[in-house]
A.B. asks: 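To start, I am sharing the structure in question, which I have written as structure tokens.
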Amino acid sequence: MPRPTPPSPHAGVQPAEPVAEVDDFLPPDLRIPSHDQVAGRMMPWLRPLVLDGEIVACAECGTYRDWIIISTRDEIWLRCRAGHEQQERRLDTAWYNRHSAPVDATHATFEDCLRHLGH
């Protein structure tokens with residue numbers, strides 16, 4: 001004798017009425033640009049930067065603290081208070097991401113960002 005087929009758990013259930021789509025994204029003025037929409041990111045580094053047991057100093061003026069660390073195009077650059085810049089090949093974007101705080105502002109120009117950071 002064939003076995004009876006159990007009733008479907010959805011038998012007799014009417015489909016729900018369509019639900020209106022809700023835009024759950026933040027309003028445009030509260031959104032920050034994604035990484036591919038910005039030329040780079042910067043953060044202050046006030047204390048000495050020690051890499052491989054050595055304190056990093058500016059190649060031009062010798063200062064060793066109060067850096068702006070710049071992450072751009074998968075490169076890390078250091079900028080001292082005097083405005084000298086040098087690439088730091090011992091650092092990478094992963095290091096920058098581990099040590100940076102969340103983005104607190106975006107700026108239209110490099111100079112605007114430096115002013116925001118007090119340089």
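Bear in mind the structure is a predicted one, so any value in this text is a computation, not a measurement.
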A.B. asks: Say whether, by atom type as modelled, one donor and one acceptor occur between the side chain of Gln87 and the main chain of Arg89 under 3.5 angstrom.
C.D. replies: no

A.B. asks: Counting N and O atoms only, with roles assigned by atom type, does the side chain of His84 sit under 3.5 Å from a partner on the main chain of Cys80, one being a donor and the other an acceptor?
C.D. replies: no

A.B. asks: Membership question, hydrophobic clusters at under 4.5 Å side-chain separation (ILVMFWY): are Trp77 and Phe110 in the same one?
C.D. replies: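 Yes: a chain of side-chain contacts under 4.5 Å links Phe110 to Trp77.
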
A.B. asks: Between Asp52 (side chain) and Glu54 (backbone), is there a donor-acceptor pair under 3.5 Å?
C.D. replies: no

A.B. asks: Roughly how far apart are Asp92 CG and Asp74 CG, rounded to 0.5 Å?
C.D. replies: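 With rounding to 0.5 Å, CG (Asp92) is 9.0 Å from CG (Asp74).
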
A.B. asks: Give me the one residue out of Thr106, Asn97, Thr72 that meets side-chain hydrogen bond (donor to acceptor under 3.5 Å, both in side chains) with Arg41.
C.D. replies: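 Checked Thr106, Asn97, Thr72 against Arg41; only one passes side-chain hydrogen bond (donor to acceptor under 3.5 Å, both in side chains): Asn97.
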
A.B. asks: Look at the side-chain heavy atoms of Ile, Leu, Val, Met, Phe, Trp and Tyr, link any pair under 4.5 Å apart, and say whether Met42 and Trp95 land in one connected group.
C.D. replies: no

A.B. asks: Should Val50 and Tyr64 be counted in the same cluster of Ile, Leu, Val, Met, Phe, Trp and Tyr side chains packed under 4.5 Å apart?
C.D. replies: yes

A.B. asks: Closer than 3.5 angstrom, by distance alone: can the side chain of Gln86 be matched with the main-chain N or O of Ala57 as a donor-acceptor pair?
C.D. replies: yes

A.B. asks: Trp45 and Leu51: same hydrophobic cluster, using ILVMFWY side-chain contacts below 4.5 Å?
C.D. replies: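 Shared cluster, yes.
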
A.B. asks: Could you please spell out the steps behind the side chain to side chain contact (heavy atoms under 4.5 Å, CB included) verdict for Arg65 and Arg47?
C.D. replies: CA-CA 5 Å; Arg65 63 176 68 226; Arg47 58 192 181 273; 5.5 Å; no

A.B. asks: What orientation do His116 and His107 show, parallel under 30°, tilted 30 to 60°, or perpendicular over 60°?
C.D. replies: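 Because their plane-to-plane angle lies in the 30° to 60° range, the rings of His116 and His107 count as tilted.
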
A.B. asks: Once you round to the nearest 0.5 Å, how far does CG of Leu114 lie from NE2 of His119?
C.D. replies: 8.0 Å

A.B. asks: Can you measure from CG (Asp66) to CG (Leu117) and round to the nearest 0.5 angstrom?
C.D. replies: 10.5 Å

A.B. asks: Can you tell me how far the CZ atom of Arg115 sits from the CD atom of Glu111, to the nearest 0.5 Å?
C.D. replies: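 Here the interatomic distance stands at 7.0 Å.
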
A.B. asks: As a quick check of understanding, evaluate side chain to side chain contact (heavy atoms under 4.5 Å, CB included) for Leu91 and Tyr96, giving each step before the final call.
C.D. replies: CA-CA 7 Å; Leu91 299 179; Tyr96 184 92; over 6 Å; no

A.B. asks: Find out if a path of hydrophobic residues (ILVMFWY) with successive side-chain heavy-atom gaps under 4.5 Å connects Val56 to Met43.
C.D. replies: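 Both belong to a single hydrophobic cluster.
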
A.B. asks: Start with the C-alpha distance between Ile69 and Leu78, add both sets of side-chain angles, then the distance that settles side chain to side chain contact (heavy atoms under 4.5 Å, CB included), and finish with yes or no.
C.D. replies: CA-CA 5 Å; Ile69 301 180; Leu78 305 177; 3.8 Å; yes

A.B. asks: When rounded to the nearest 0.5 angstrom, what distance separates SG in Cys58 from CZ in Arg81?
C.D. replies: 13.0 Å

A.B. asks: Return the minimal non-hydrogen interatomic distance between Pro44 and Ile68, and the atom names on each side.
C.D. replies: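 The pair with the smallest heavy-atom distance is CA-CD1, 4.1 Å.
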
